[in-house]
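All remarks here apply to the structure that follows.
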Amino acid sequence: MKTRVRFAPSPTGHLHVGGARTALFNYLFAKKTGGTFVLRIEDTDELRSSEESIKSIFDSMRWLDLKWDEGTMPDLSEKGDFGPYMQSKRESLGIYKKYAEQLLREGKAYYCYCAAEELDAMRKKAQLEKRPPKYEGKCRHLSSGQIEEFRKQGRKPVIRFRMPDDGQTVFEDMIHEHVKFENKLLYDFIMVKASGYPTYNFACVIDDYLMEMSHIIRGDDHISNTPLQLNVYKALGWEPPRHAHLSMILGQDGTRLSKRHGATSITEYQKQGFLPETMKNYLALLGWGNSDSQDIFKKGELEEKFDISGCQKNSAAFDPVKLKWMNGEYIRQLSKEELFAAAEPYLKGFGLVLDKSNPFHLDIVAIEQEKYKLLSEVGGLVDFFFKDVKYDESAINKTLKAPNTEAILNGIKRVYSEISEFNDVTIEAKTREFAASNGFKNGQVFHPVRVSVSGRTQGPTLFKMLEYLGKEKVINRIDKALRLLQ
RNA sequence: GGCCCCAUCGUCUAGCGGCCUAGGACGCCGCCCUCUCAAGGCGGAGAUCACGGGUUCGAAUCCCGUUGGGGCCGCCA
């Protein structure tokens with residue numbers, strides 16, 4: 001049987017790292033097994049779902065290069081033979097109603113007229129009395145007379161699933177292996193809301209079945225929903241798919257990942273200057289590993305090496321420090337052109353409008369490639385090539401105020417003005433010659449020159465930097481530094 | 001409170017009964033390279049494999065219990 005998996009986000013916000021990881025693992029599993037990756041939108045929460053969220057989720061998925069074969073597409077069109085793929089559109093197909101009625105008819109589901117407030121009160125009371133806050137099945141045995149009475153009052157019922165009273169629900173999770181629940185501890189969950197919309201646990205089963213899903217790969221937080229859903233499959237006489245429950249992603253302090261820990265959505269990481277390849281690679285490593293403990297994967301390699309048996313049972317802490325390191329690794333692998341293209345959107349924030357067809361611009365952006373950890377920091381490191389120098393206070397005090405600086409700068413300025421081929425090799429040779437013949441240590445010359453032209457004590461390799469700056473700017477800036485010393 | 005899941009360096013992980021005096025990666029420390037900062041190279045510290053019992057000739061690996069952490073218990077998904 002061909003594998004079919006799905007990622008089924010509910011569009012109530014941006015794509016979070018947890019969701020992205022679930023999507024990624026489904027995608028990788030589909031790739032690895034030659035299966036189909038489906039995207040379904042679970043928007044049965046009329047209040048919280050928004051089209052804006054759908055768009056944002058799609059943007060993040062595309063950014064991460066997680067392409068799906070079937071489902072709701074970015075332009076909201078539908079692709080595939082099992083549509084529609086948006087639950088709100090599936091409602092009108094009447095499928096949820098159809099199967100709910102079947103269960104009703106067979107006595108496997110029943111109408112419940114309990115008011116929401118009533119249920120709330122019961123739950124609170126149960127909590128207080130330290131009893132499990134589960135629905136006790138009050139409406140299980142309503143007589144037709146009682147139902148008639150409620151109807152006359154105009155009360156809208158919900159439909160509840162009748163859970164078996166005894167026995168066990170057992171499943172073989174692909175990650176957790178045996179998972180066992182006592183049916184008597186499960187509860188009669190609501191399948192259809194008073195509004196007529198299906199709830200998650202019901203819609204999920206119907207859709208997964210009709211869409212012919214072979215495997216359900218989702219977060220650990222769904223593990224206790226699984227026995228509920230499995231019982232619906234059973235009641236309908238359907239063969240359930242295989243389940244794999246992925247461990248949770250936690251913050252650095254071991255608690256559930258939240259705003260408190262910093263960025264939680266993929267969009268935010270994109271804005272911060274991470275490469276999509278980095279995110280994909282890093283996310284794959286959370287809760288998964290292969291026997292080589294490999295941590296950097298080349299393009300396409302994850303798709304090849306992913307194996308669900310390498311999934312970790314225990315939760316994983318999200319480590320932004322390692323993420324940054326990895327981004328540096330990926331940035332270093334980029335060609336000049338790729339780096340420029342990746343960094344360009346972030347350059348504008350520094351007021352830099354550069355041109356990719358200008359080889360100098362390409363070189364300058366790449367001059368500190370081995371140092372970049374975030375694309376967003378490139379502009380701040382190369383801006384002085386294009387804008388006026390701003391002298392860093394501590395650089396002035398530390399370097400320009402060193403003894404002999406004035407003489408050195410005056411001397412080197414004269415040397416530079418006589419160079420006709422202003423390239424790094426010549427500049428370096430002349431600079432070293434100047435230092436040697438005047439009895440200065442190299443550093444005594446190099447450092448003040450660096451500060452004069454860049455305003456900083458740290459920066460790119462000196463002579464390349466001078467070359468790219470050009471003779472005129474270099475001399476002007478040395479003059480400027482000299483004026484500071486007056 | 002009930003149920004479920006989980007437990008290897010600070011973190012991500014390798015390990016599936018002898019190869020483990022537990023390997024790799026991030027981070028940290030030191031040295032080298034060097035025009036600064038990085039990058040790179042080399043080396044180091046860091047895990048009584050949560051704890052306690054079994055099983056076994058032998059356990060990080062299997063079983064039981066304890067403790068700790070997480071999840072779920074919605075007309076949210």
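Chain letters run A, B, ... following the sequence lines, proteins first, then strands; residues in each count from 1. Every value quoted in this text rests on a predicted model; they were computed, and no experiment measured them.
- The CZ atom of A:F306 lies 9.0 Å from the CG atom of A:L302; values are rounded to the nearest 0.5 Å.
- Nucleotide B:rU66 forms a pair with B:rA50, judged by Watson-Crick or G-U wobble geometry with both contacts under 3.5 Å.
- Among B:rC3, B:rC75, B:rA39, the nucleotide with an atom closest to any side-chain atom of A:K193 is B:rC75.
- Using a 4.0 Å heavy-atom criterion, one finds that A:N290 contacts the sugar-phosphate atoms exclusively.
- Under 4.0 angstrom from either OP1 or OP2 of B:rA14 there lies at least one side-chain N or O belonging to A:Q312.
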Query raised in the report: When you look at A:K464 and A:E467, which way does the salt bridge (Lys or Arg N to Asp or Glu O under 4.0 Å) test go after all the steps?
Result: CA-CA 5 Å; A:K464 267 289 172 204; A:E467 178 188 323; 3.5 Å; yes
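- B:rA60 and B:rC51 are spaced 11 Å apart, taking the P atom of each and rounding to whole Å.
- Between A:Q294 atom CD and B:rA25 atom P the separation is 13 Å, expressed in whole Å.
- With rounding to the nearest 0.5 angstrom, the CG atom of A:L119 is 8.0 Å from the NZ atom of A:K138.
- Taking only distance into account, the side chain of A:D292 never meets the base of B:rA14 through a donor-acceptor pair shorter than 3.5 Å.
- Residue A:C311 is classed as having no contact, given no heavy-atom separation below 4.0 Å to the nucleic acid.
- Counting any heavy atom pair closer than 4.0 Å across all strands shown, A:V321 reaches sugar-phosphate atoms only and no base atom.
- In the displayed structure, A:Q146 atom CD is contacted under 6.0 Å by more than 12 heavy atoms of other residues, nucleotides or ligands.
- For B:rG15, the OP1/OP2 oxygens have no side-chain nitrogen or oxygen of A:S291 closer than 4.0 Å.
- Of all the residues in residues 45-58 of chain A, A:D45, A:R48 reach under 4.0 Å from RNA chain B with at least one non-hydrogen atom.
- Remark: A:R432 is not positioned above the aromatic ring of A:F434, lacking an NZ or CZ atom under 6.0 angstrom from the ring centre and at most 45 degrees off the axis.
- If you take atom P in B:rU61 and the same atom in B:rG46, they sit 23 Å apart, rounded to whole Å.
- Closest to the A:S293 side chain, of the nucleotides B:rA14, B:rU36, B:rA39, is B:rA14.
- Here A:K441 lies out of heavy-atom contact (under 4.0 Å) with every strand.
- When Watson-Crick and G-U wobble pairs are counted only if both distances are under 3.5 Å, B:rG1 pairs with B:rC73.
- Within the 4.0 Å cut-off from OP1 or OP2 of B:rA77, not a single side-chain nitrogen or oxygen of A:H222 is found.
- For a distance-only test at 3.5 Å, the side chain of A:S224 fails to qualify as a donor-acceptor partner of the base of B:rC3.
- Counting non-hydrogen atoms under 4.0 angstrom, A:Q444 reaches nothing in the nucleic acid.
- For A:E370, the side-chain atoms get nearest to B:rA38 when compared with the rest of B:rA38, B:rG70, B:rA14.
- Within residues 422-436 of chain A, the residues that have a heavy atom under 4.0 Å from RNA chain B are, in order of number, A:R432.
- Mapping A:Y200 and A:K134 onto RNA chain B by nearest heavy atom places A:K134 closer to the 5' end of the strand.
- In this pair, A:Y113 and A:F150 present their aromatic rings parallel. The plane angle is below 30°, not in the 30 to 60° band.
- Figure legend: A:R160 and A:Y187 shown without cation-pi pairing, the cationic atom not lying both under 6.0 angstrom from the six-membered ring centre and within 45 degrees of its axis.
- Ring-centre distance between A:F446 and A:F463: below the 6.0 Å cut-off.
- Shown here, B:rC37 forms no base pair; nothing in the strands shown gives a Watson-Crick or G-U wobble contact with both key distances under 3.5 Å.
- Which of B:rC75, B:rG10, B:rG40 sits closest to the side chain of A:T199 comes down to B:rC75.
- Positionally, the nearest nucleotide of RNA chain B for A:N314 lies more toward the 5' end than for the other of A:H447 and A:N314.
- Rounded to the nearest 0.5 angstrom, A:F171 CZ and A:R242 CZ are separated by 10.5 Å.
- Of the candidates B:rC75, B:rC3, B:rC35, the closest approach to any side-chain atom of A:L185 belongs to B:rC3.
- The shortest distance between the side-chain N/O atoms of A:R456 and the OP1/OP2 oxygens of B:rC37 is not below 4.0 Å.
- Among the nucleotides B:rG74, B:rC37, B:rA25, the one closest to any side-chain atom of A:K322 is B:rA25.
- Across B:rU36, B:rG10, B:rA77, the shortest atom-to-atom separation from the side chain of A:R450 is found for B:rU36.
- When distances are taken from the side chain of A:R160 to each of B:rC75, B:rA77, B:rC5, the shortest belongs to B:rC75.
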